[in-house]
Novice: 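Pasting a structure below so you can have a look.
Computed from a predicted structure; not experimentally measured. For this chain, numbers begin at 1 and follow the sequence in order.
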Amino acid sequence: MKNQNKSLIPIWIGSSILAILILFAAFGPMLSPFDPFEMNMAERFSPPGLANLMGTDEFGRDVFIRLAYGARNSLLIGFLVAFLSSLLGIVIGLYASYYKFLDHLLMRICDGLSAIPGILLAIALMAAMGPSVTNIVIALTVVSTPNIARIVRSGALVIKKQPYIEAVHTLGGSHSRIIWLNMSPAILPALLVQASFAFASAILSEASLSFLGAGISEPQPSWGSILQSSTHVIGRAWWLALFPGLLLVLSVLGLNLLGDGARDLMDVKLPTTKKGGR
């Protein structure tokens, strides 16, 4: 009971942080009278105060409302990447573990994608497709899916050898039934934990892409682009780095705490993979 209560602490903390970020994204724009795209050069680089809670940027735009709109983009992209990569990962991982002829093909593709640093692969895909929220989701899903697929495959290989799976097969259960009704439920706890980490990674990767100019482009607000605008004026406009940086730290911290707490609560031991996915 004490261990279970300890596991709930990071879940509560992570959930609270995530709830605050969702509330900020949903209701933050209602708390500011400013337009996120309206420029006011007379108010450029105004420090935080009563008029502008988080100051203004180089174009005189209110940072608070731009961060709130950027939170909508970051959370949406993170959720979609986590959902799509988990969906693809469980399909690839389950079928690779069940069919040997698919195992070599699918895992070699995953190995090839994993061999390229994730941010470089995402930048290359964005350069080919062009900057947009949809293309960011596609690029980051391609980056995240191989790792989830390997984790699912490793766990499914263990489950496939269990006596109850052999019993279902002996009784004439179809391959699809065995994969989706008997194997997939045992994988879901580990998958949900991994999805929370993919969520956090996608938020950080989106900010990195926007920081490098390969993600959400101006004038659309993004935590990464606001951070990028601070690089040459950090001495006179420290708030342009502080506030988006804090939001990134809080979002990643909250999601990691949520994932760690869920893993401890469900006692999920994420299987490790050897080099080459074998």
Novice: Quick check: is I22 connected to L253 through a chain of hydrophobic side chains (ILVMFWY, heavy atoms under 4.5 Å apart)?
Specialist: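 L253 and I22: one cluster.
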Novice: Closer than 3.5 angstrom, by distance alone: can the side chain of D62 be matched with the main-chain N or O of F34 as a donor-acceptor pair?
Specialist: no
Novice: Between W239 (side chain only) and T56 (backbone N and O only), is there a donor and an acceptor less than 3.5 Å apart?
Specialist: yes
Novice: Using 0.5 Å steps for rounding, measure from the CG atom of L240 to the CG atom of L67.
Specialist: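 Here the rounded value is 9.0 Å.
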Novice: Centre-to-centre under 6.0 Å for F37 and F59, is that the case here?
Specialist: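 No, the ring centres sit 6.0 Å or more apart.
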Novice: Can you tell me how far apart OG (S86) and CD1 (I187) are? Round to the nearest 0.5 Å.
Specialist: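 CD1 of I187 is found 12.5 Å from OG of S86.
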Novice: Mind checking the CG-OG spacing from N182 to S176? Nearest 0.5 Å is all I need.
Specialist: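 With rounding to 0.5 Å, CG (N182) is 11.5 Å from OG (S176).
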Novice: Hey, what do you get for CD (E38) to CD (E43), rounding to the nearest 0.5 Å?
Specialist: 11.0 Å
Novice: Between R153 (side chain) and S97 (backbone), is there a donor-acceptor pair under 3.5 Å?
Specialist: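 No; judged by distance alone, with no hydrogens or angles, the pair does not exist.
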Novice: Salt bridge check: are D111 and R108 linked by an N-O gap of less than 4.0 Å?
Specialist: yes
Novice: Just checking, is any N or O donor in the side chain of S210 or E206 under 3.5 Å from an acceptor N or O on the other one?
Specialist: yes
Novice: Please check if the number of heavy atoms outside F27 that lie under 6.0 Å from its CZ is greater than 12.
Specialist: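 12 or below, so no.
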Novice: Rounded at 0.5 Å granularity, tell me how far CZ in R72 sits from OG in S222.
Specialist: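 Separation between the atoms: 14.5 Å.
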Novice: Is there a side-chain contact between L250 and I20, using heavy atoms and a 4.5 Å cut-off?
Specialist: no
Novice: With a 4.0 Å cut-off on N to O distance, would you call E218 and R66 a salt bridge?
Specialist: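 Salt bridge between E218 and R66, a charged N being under 4.0 Å from a carboxylate O: yes.
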Novice: Going from CG on L248 to OG on S74, what distance comes out if it is rounded to the nearest 0.5 angstrom?
Specialist: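 If we round to the nearest 0.5 Å, L248:CG and S74:OG are 7.0 Å apart.
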Novice: Side-chain contact, heavy-atom cut-off 4.5 Å: F64 with N52?
Specialist: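 A side-chain contact under 4.5 Å is absent here.
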Novice: Is it true that atom CZ of F83 has more than 12 heavy atoms of other residues, nucleotides or ligands lying nearer than 6.0 Å?
Specialist: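 No.
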